[in-house]
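Comments concern the structure below.
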Amino acid sequence: MKIDEKHLAQLAAVVETGSVTDAARQLGLSQPALSRTLSMLEKRLGEPLFEPGKRPLRPTIIGQQLAEHGRVIFEASRKASETVRSFRTGSVGTVRIAGVPFFMDAFISRMIGEFQVRQPDIRVDQSYGNLPELESGIASNRLDLAITPLGIVDAARGFSFTPILPGRNIVACRKSHPLLRKRRLTTKDLIDFPWIAPLPGSPLLADLHAILLSIGMSEISVRYSGGSLLSVFNYLEETDALTVLPHSVVFAHRKDRQVTVLPVEIPQPARTLGILRLAGGPRLPAAERLAQHITTRFDDLRQLIKRHENSIVWGMSEDRASAP
């Protein structure tokens, strides 16, 4: 005999509440409709489901056993409904996010941790990549979000780009670097020291070449290359090397690392850090929730970073240094 699972769940509700009226209200049914279901079930079984004349309703042995099965079904249905609700509101799910290494390490990984304290049922799978890998991952549905710097023109490629932080590069060095003692610092002073080259494929590598052009040099002395953000900081703290970094990255570690901004003006890229998504199509609610958290956190940070930038006494350019 096949019994409708829905009817077993309804029986479980009646047994739990001890009342057809209360069970009907809980299930969103009318009392007559639920009573008809119970009568039909009793006819099919040839057995009463409840002891006659008992209030609240008391199930018979067969009624209790069937109600146990119905309770499992009812609970599974409730959990399924909760899962759907949580998915739609972005409370559960797995978010796949990737981005340029230095920003992921300096900011995004911490923001993910903050986010998961509030949303413990959302899993986040994080990886690294530069723009070509990030675009490929978004386009092939292997990534939900990407954190990358983009120029204004670059954003119009079938992707949606949400700016979160204006681009600003600086030359970084250790806090005891000899150049920090110079009264008049110019870009030509940069050629006397070794450099750390940014990661291959990184936008910072192109920015380093722009600095070289501004100095009038075709190359510089590169002593170290290809390291993570942690290894770059470690190397800077032990040497007089220089490197180009986003100002915000140095700002993020201004209190825990012996690395600072070398106050010399350098060419600035026309780029903005932002969140890259595929334009159009459905979006994972949990991913949108994480994106909103990241956007909000950068809204909070933007003024602090700008204030730190404004507090730096930038070195004079050669033109300004030679002016009367």
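Heads up: numbering here begins at 1 and tracks the sequence.
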**Asked** Would you say the side-chain atoms of Thr60 pair up with the backbone N or O of Pro48, donor to acceptor, closer than 3.5 Å?
**Response** yes
**Message:** A side-chain contact here means heavy atoms from C-beta on lying under 4.5 Å apart; do Leu11 and Phe50 qualify?
**Reply:** yes
**Asked** When you look at CZ of Arg58, are more than 12 heavy atoms from neighbouring residues, nucleotides or ligands closer to it than 6.0 Å?
**Response** no
**Prompt:** Could Asp125 and Arg123 be called an ion pair, given the rule that one side-chain N must be under 4.0 Å from one carboxylate O?
**Reply:** yes
**Prompt:** Does anything in residues 92-116 pair up under salt bridge (charged side-chain N to carboxylate O under 4.0 Å, His left out), and if so which pairs, sequence neighbours excluded?
**Reply:** Arg96-Asp144, Glu114-Arg297
**Request:** Using the six-membered ring wherever Trp is involved, compare the ring planes of Phe107 and Phe298 and label them parallel, tilted or perpendicular (cut-offs 30° and 60°).
**Result:** tilted
**Fill in**
Scanning both residues in full, the closest heavy-atom pair of Ile122 with Ala286 reads CD1-CB, 3.8 Å
**Request:** Please step through side-chain hydrogen bond (donor to acceptor under 3.5 Å, both in side chains) for the pair Arg142 and Ser136, ending with a clear verdict.
**Result:** CA-CA 8 Å; Arg142 289 181 284 110; Ser136 175; 3.0 Å; yes
**Asked** If every non-hydrogen atom of Leu208 is compared with every non-hydrogen atom of Ala197, which pair is closest and at what distance?
**Response** CD2-CA, 4.5 Å
**Fill in**
Applied to residues 197-206, the side chain to side chain donor-acceptor pair (under 3.5 Å) test, sequence neighbours excluded, yields none
**Asked** Does Arg71 count as lying over the ring of Phe74, i.e. NZ or CZ under 6.0 Å from the six-ring centre, within 45 degrees of the axis?
**Response** no
**Prompt:** Under 30°, 30 to 60°, or over 60°: which ring-plane class applies to His293 and Phe115, parallel, tilted or perpendicular?
**Reply:** tilted
**Message:** I'd like to know if the side chain of Thr243 and the backbone of Ile196 have a donor-acceptor N/O pair within less than 3.5 Å.
**Reply:** yes
**Prompt:** So do the side chains of Phe233 and Val249 get within less than 4.5 Å of each other, counting heavy atoms only?
**Reply:** yes
**Prompt:** Between Arg307 and Leu304, is there a donor-acceptor pair closer than 3.5 Å when you use the side chain of the first and the backbone of the second?
**Reply:** no
**Prompt:** Does any N or O in the side chain of Glu42 come within less than 3.5 Å of the main-chain N or O of Glu47, such that one atom is a donor and the other an acceptor?
**Reply:** no
Distance-only donor-acceptor hits, side chain of residues 161-170, under 3.5 Å, sequence neighbours excluded:
unit_1, atom_1, unit_2, atom_2, d
Thr162, OG1, Arg277, NH1, 3.0
Asn169, ND2, Asp207, OD2, 2.6

**Message:** Minimum heavy-atom separation for Pro59 and Gln64, please, with both atom names.
**Reply:** CG-OE1, 3.1 Å
**Prompt:** Are Glu288 and Arg283 close enough for a salt bridge, meaning some N to O gap below 4.0 Å?
**Reply:** yes
**Fill in**
Scanning both residues in full, the closest heavy-atom pair of Leu66 with Ile3 reads CD2-CD1, 4.4 Å
